[in-house]
Amino acid sequence: NISNQIESDPYELIYYLMNEAGKTIQNSIDEIREAIDFLRYYSNQMIGIEESECELEGPTGESNKLSYSAKGHFLCISPWNFPVAILIGQISAALITGNKVTVKPSEHTSILGYIIVKKFHENGTPLDALQLVLGDGKYGDALSRIRHLNGVAFTGSLPTAKKIQNNLNQNQKEILPLIAETGGINAMIVDSSALLEQATDDIVRSAFDSSGQRCSALRVLCIQDEIYDDLLEMIKGNMEELKIGNPENLDTDIGPIINIASKTKLDKYIKDSVDKGFGVYQSEPSILESVVSPTIIEINKLN
């Protein structure tokens with residue numbers, strides 16, 4: 001029911017994806033499509049599992065069977081960069097496998113977290129089976145310390161995942177599952193066999209879509225010397241065509257960074273790179289104080 005409801009009436013979610021998370025209209029539509037896919041995927045995966053029981057091989061006279069059961073109480077902590085899709089994915093997977101769920105969305109997208117949990121309740125999820133906690137990292141930290149947890153699903157930074165892991169080790173009697181998705185330094189290698197126009201489209205989309213605020217975003221581009229100058233020129237030309245502005249405008253390609261603290265941190269990183277003598281190229285600076293223009297920093301070593 002909830003997947004059909006979101007598919008037929010996505011407009012409130014699209015509005016807040018643009019205005020709370022700063023996503024472009026196309027990014028917002030894509031995220032809602034992903035959320036619907038999660039709901040339908042986990043529902044289909046569950047068909048038959050709750051009743052399935054299979055015989056395993058074992059010694060003569062011994063019966064060994066494999067069956068599935070719910071874990072119990074799952075804590076789900078979701079990020080602001082996919083505040084609808086990842087939150088819905090975590091909740092739907094935990095609920096459909098029979099667990100009670102406590103969810104703590106990012107404090108930067110609390111409105112979207114509230115709307116999503118409300119949609120689950122409106123579509124038949126019991127109030128005590130899905131509980132919402134709003135707040136910053138202190139609340140996630142406290143929730144990962146409580147007794148009677150049976151598992152945690154987390155998407156966010158590696159340091160936070162390590163902290164949750166430590167909290168579980170210190171406060172739980174048994175080893176609990178921690179399903180953690182964290183970021184990384186994602187790289188692409190382009191050699192002289194590549195069609196540079198196609199590579200350029202993929203590079204720019206991966207690096208700068210969602211203002212680069214994805215765990216899957218391209219961070220390091222390794223280019224063969226013989227095509228370095230040609231490819232770099234194409235990338236810069238493509239970057240200059242990206243429209244920076246208000247996510248509510250249909251022609252906007254690059255929207256704001258999630259908050260001023262993150263924007264300040266990124267600006268400092270770029271300035272430090274300039275001070276260290278690295279080649280830095282930015283497309284036309286935006287007049288919006290919350291935006292970081294697409295940026296290339298030329299390096300010679302990965303360290």
Any donor-acceptor pair under 3.5 Å from N249 side chain to D251 backbone = no

Walk me through it: do T295 and Q282 pass the test side-chain hydrogen bond (donor to acceptor under 3.5 Å, both in side chains)?
-> CA-CA 4 Å; T295 306; Q282 281 192 294; 3.0 Å; yes

Please list, chain by chain and in numerical order, all residues satisfying salt bridge (charged side-chain N to carboxylate O under 4.0 Å, His left out) with D225, sequence neighbours excluded.
-> none

Kindly compute the distance separating NZ (K104) from CG (D141), expressed to the nearest 0.5 Å.
-> 10.5 Å

Calculate, to the nearest 0.5 Å, the distance between atoms CG and OG1 belonging to L149 and T102 respectively.
-> 7.5 Å

Step by step, work out the side-chain hydrogen bond (donor to acceptor under 3.5 Å, both in side chains) result for R145 and N166.
-> CA-CA 9 Å; R145 296 172 186 270; N166 189 51; over 6 Å; no

OG1-CG distance between T182 and L158, expressed to the nearest 0.5 angstrom | 5.0 Å

With the 4.5 Å side-chain cut-off for hydrophobic clustering, are L266 and F208 part of the same group?
-> no

Identify whether I296 and I244 are in the same connected component of the hydrophobic contact network (ILVMFWY, side-chain heavy atoms under 4.5 Å).
-> yes

Pair S262-N259, side-chain hydrogen bond (donor to acceptor under 3.5 Å, both in side chains): steps then yes or no = CA-CA 6 Å; S262 296; N259 60 18; 2.8 Å; yes

Rounded to the nearest 0.5 Å, how far does CH2 of W80 lie from CD of E107?
-> 11.0 Å

Would E122 and N1 count as having a side-chain donor-acceptor pair, cut-off 3.5 Å?
-> no

